[in-house]
Amino acid sequence: ARGLQIDIAGAIGEMAAAKFLGLQKYVFEFNKNWGVFDLPPNLDVKTALGHQRRLHIFMDENPLKIFVHATYKYEQVRLQGWSYGGDVMLDSYIDNPLGRGESYFVPSSVLNPMDELAHYLSDLGYSK
């Protein structure tokens with residue numbers, strides 16, 4: 001049940017990010033050239049259960065990815081911000097809060113505003 005809740009929240013977060021960024025047409029479209037990205041050109045949407053949660057990035061993630069931090073609780077999704085992985089994959093953000101191995105846990109307060117990402121993607125021709 002918990003795994004299903006996490007999967008549903010992840011899909012909701014990805015859809016919310018796609019809608020905000022004007023990338024809805026890419027949500028259900030598979031492109032093998034994207035690799036492990038959720039949305040083009042290289043966005044990975046990470047959705048946490050709880051609005052106070054930090055952006056969780058695994059240690060072996062590609063630092064060239066753009067990470068979008070979404071949170072979900074009480075049927076409400078919030079887009080907290082975004083960052084290039086290389087800008088936030090710092091030793092100071094390494095944590096192991098549940099004893100399952102170290103990852104980067106980035107506070108929302110250091111992320112860039114979503115409007116900046118929308119303008120950037122528009123300039124690249126990905127969104128409206």
Side-chain angles (χ1 to χ4, degrees):
R2 178 73 171 163
L4 181 59
Q5 183 183 24
I6 290 168
D7 286 346
I8 291 170
I12 290 169
E14 184 177 333
M15 190 65 195
K19 183 176 181 184
F20 182 86
L21 298 169
L23 301 173
Q24 301 96 308
K25 70 179 182 178
Y26 298 106
V27 172
F28 299 108
E29 186 177 286
F30 177 76
N31 182 333
K32 66 181 179 177
N33 296 321
W34 293 348
V36 293
F37 305 122
D38 292 327
L39 298 166
N42 60 342
L43 278 67
D44 196 356
V45 181
K46 300 287 191 178
T47 306
L49 294 172
H51 296 306
Q52 302 304 316
R53 302 285 299 269
R54 298 173 287 174
L55 170 62
H56 179 193
I57 302 173
F58 293 105
M59 299 297 285
D60 61 351
E61 293 275 12
N62 182 343
L64 299 177
K65 283 185 184 179
I66 294 173
F67 290 96
V68 174
H69 181 40
T71 58
Y72 181 76
K73 186 172 184 174
Y74 303 125
E75 298 183 16
Q76 182 183 40
V77 65
R78 295 181 188 165
L79 299 175
Q80 302 284 357
W82 69 278
S83 182
Y84 283 101
D87 291 344
V88 293
M89 294 169 78
L90 307 172
D91 290 348
S92 58
Y93 296 134
I94 294 174
D95 198 357
N96 186 7
L98 299 176
R100 296 183 190 158
E102 292 183 334
S103 289
Y104 300 99
F105 288 88
V106 183
S108 297
S109 61
V110 303
L111 300 176
N112 302 303
M114 290 298 296
D115 286 340
E116 287 182 12
L117 183 56
H119 292 298
Y120 172 67
L121 292 174
S122 179
D123 289 347
L124 290 177
Y126 281 101
S127 62
K128 51 188 171 176

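On a predicted model such as this, the values are computed, not experimentally measured, just so you know.
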Do I66 and M114 land in one hydrophobic cluster if side-chain heavy atoms of ILVMFWY residues count as linked below 4.5 Å? yes

Would you check if the side chain of D115 reaches a backbone N or O of H119 as a donor-acceptor pair within less than 3.5 Å? no

Apart from L98 itself, what residues make up its hydrophobic cluster, given side-chain heavy atom links below 4.5 Å? none

Rounded at 0.5 Å granularity, tell me how far CG in N96 sits from CE in M59. 10.0 Å

For D7, check salt bridge (Lys or Arg N to Asp or Glu O under 4.0 Å) against everything at least two apart and list the hits. none

Taking atom CD1 of I57 and atom CG of N62, what is their separation to the nearest 0.5 Å? 11.0 Å

I94, L55: one ILVMFWY side-chain cluster at the under-4.5 Å cut-off? yes

Taking the side chain as everything from C-beta on, heavy atoms only, tell me whether S108 gets closer than 4.5 Å to R54. no

Please give me the minimum heavy-atom distance between G13 and A70, naming the atom from each residue. CA-CB, 4.0 Å

Donor-acceptor pairs are to be reported for all side-chain atoms of residues 81-92 against protein atoms at under 3.5 Å, with residues two or more places apart or in another chain.
| unit_1 | atom_1 | unit_2 | atom_2 | d |
| --- | --- | --- | --- | --- |
| W82 | NE1 | P113 | O | 2.8 |
| Y84 | OH | Y120 | OH | 3.3 |

Given the rule that I, L, V, M, F, W and Y join up when any side-chain heavy atoms are under 4.5 Å apart, are V27 and L124 in one cluster? yes

The remaining residues in the hydrophobic cluster of V77, counting side-chain heavy-atom contacts under 4.5 Å among Ile, Leu, Val, Met, Phe, Trp and Tyr, are L4, I6, I8, I12, L49, Y72

Out of curiosity, does Y104 fall in the hydrophobic cluster containing V110 (side-chain heavy atoms, cut-off under 4.5 Å, transitive links)? yes

Sequence neighbours excluded and cut-off under 3.5 Å, please list the side-chain donor-acceptor pairs for residues 40-48, or say none.
| unit_1 | atom_1 | unit_2 | atom_2 | d |
| --- | --- | --- | --- | --- |
| N42 | ND2 | L64 | O | 2.8 |
| D44 | OD2 | K65 | NZ | 2.9 |
| K46 | NZ | E61 | OE2 | 2.8 |

Under the side-chain contact (heavy atoms from CB on, under 4.5 Å) test, which residues partner Q76, sequence neighbours left out? H51, R78

NE2 of H56 to OG of S103, rounded to nearest 0.5 Å, is 3.0 Å

For the CG atom of L23 and the CD atom of E14, what is their distance to the nearest 0.5 Å? 10.0 Å

Going from CD on Q24 to CE on M15, what distance comes out if it is rounded to the nearest 0.5 angstrom? 6.0 Å

Between T71 and Q52, is any pair of side-chain heavy atoms under 4.5 Å apart? no

Verify same cluster id: L21, L79 (apolar side-chain graph, 4.5 Å): yes

